[in-house]
Amino acid sequence: MPGKKLYFGTNLKMYKGIRETVSYLCELEQLTADMDPENVQLFVIPSYTSLPDAIRSLRHKQILLGAQNMCWEEQGQFTGEISPLMLRELGISIIELGHSERRHIFGETNVMINRKVITGLKSGFTVLLCIGETEEEKNWGISDETLRIQLKTGLNNIPPDFNGRLLIAYEPVWAIGVNGQPASVEYARDKHELIRSTLCEIAGSAGKDIPLLYGGSVNPSNSDELILQPEVDGLFVGRSAWNASDFNALIRSAIHSAARKQHYT
Ligand code: PGA
């Protein structure tokens, strides 16, 4: 499949224990075995406690695994936190940072997230930075400002060798979860364009190559349209991905749709 690489990932949040995670991964691995990771990158972000078994359960390394959070320090008096060294010991490749639930339930600030982004990159991980405006910010007409602040603060002073190790997920907070309203395709396209231009402002031409994923109530009825948008390089899926065969079907349909786009452009 020619064209831009596509990314499909899911964060299992605080669902699925060890057994469920392993069986989900084994099924997903089997169903997606024919997908070439050169063209389609899949990733799953399970709970911390499932990670060691999750790693052992994957036979091929096509599905990347990640952690849902990480401390900005390597060690110290940080009860309840997980250090980058501990995650590196496990052998995972992705660290998800700044998910809306971390920001809004656990009070993580842009400055804290920035420290984590820097530590994650310096520790050799791929960082998946999540950004998104709240409903209130949208109603106040400051969505663009919010996204630009989250990007410019979150990526402040990152090491120059981030290329190929940084992913951005745009997830409007009001679109996430059971009470979320999916963003319209036009809205998502607009915000992805803003994010792309902000990334180019921050990183120069390297900003063009940072994969940009859309997330927030992605489901089989909006995924094909979303992936067709010019600055959407992938989908970050919650509920619609937690059954392996549903996720496989969503991915295949989106790949098919993206291939049609490339054919006609
Ligand atoms: P959702 O979750 O797809 O269930 O809305 C998205 C997310 O939190 O990343």
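Computed from heavy atoms alone, side chains included, the values below leave out hydrogens, waters and symmetry copies. Atoms within each ligand, like the ligands themselves, are counted from 1 in listed order.
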Test ring-ring contact (aromatic ring centres under 6.0 Å, His included) on F236 and F43 and set out the steps.
CA-CA 9 Å; F236 192 32; F43 63 91; 5.7 Å; yes
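With sequence neighbours excluded, the residues satisfying side-chain hydrogen bond (donor to acceptor under 3.5 Å, both in side chains) with E137 are T134.
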Are there any protein N or O atoms under 3.5 Å from the N or O atoms of ligand 1? List them with distances, or say none.
residue: ligand 1; atom: 3 (O); partner: S217; partner atom: N; Å: 3.4
residue: ligand 1; atom: 3 (O); partner: G238; partner atom: N; Å: 2.9
residue: ligand 1; atom: 4 (O); partner: R239; partner atom: N; Å: 3.0
residue: ligand 1; atom: 4 (O); partner: R239; partner atom: NE; Å: 2.6
residue: ligand 1; atom: 4 (O); partner: R239; partner atom: NH2; Å: 3.4
residue: ligand 1; atom: 5 (O); partner: G177; partner atom: N; Å: 2.8
residue: ligand 1; atom: 5 (O); partner: S217; partner atom: N; Å: 2.8
residue: ligand 1; atom: 5 (O); partner: R239; partner atom: NH2; Å: 2.9
residue: ligand 1; atom: 8 (O); partner: K13; partner atom: NZ; Å: 2.7
residue: ligand 1; atom: 8 (O); partner: H99; partner atom: NE2; Å: 2.8
residue: ligand 1; atom: 9 (O); partner: H99; partner atom: NE2; Å: 3.4
residue: ligand 1; atom: 9 (O); partner: E171; partner atom: OE1; Å: 3.3
residue: ligand 1; atom: 9 (O); partner: E171; partner atom: OE2; Å: 2.5

Listing, residues 200-211 side-chain donor-acceptor contacts under 3.5 Å, not counting sequence neighbours, or none:
residue: E201; atom: OE1; partner: R148; partner atom: NH1; Å: 3.1
residue: E201; atom: OE2; partner: R148; partner atom: NH2; Å: 3.2
residue: E201; atom: OE2; partner: K152; partner atom: NZ; Å: 2.8

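Atoms CD1 and OG, on I227 and S257 in that order, are 7.5 Å from each other to the nearest 0.5 Å.
Checked by atom type and distance alone, the side chain of R103 pairs as donor or acceptor with a backbone atom of C130 at under 3.5 Å.
For residues 23-38, the side chain to side chain donor-acceptor pair (under 3.5 Å) pairs, not counting sequence neighbours, are D34-R252.
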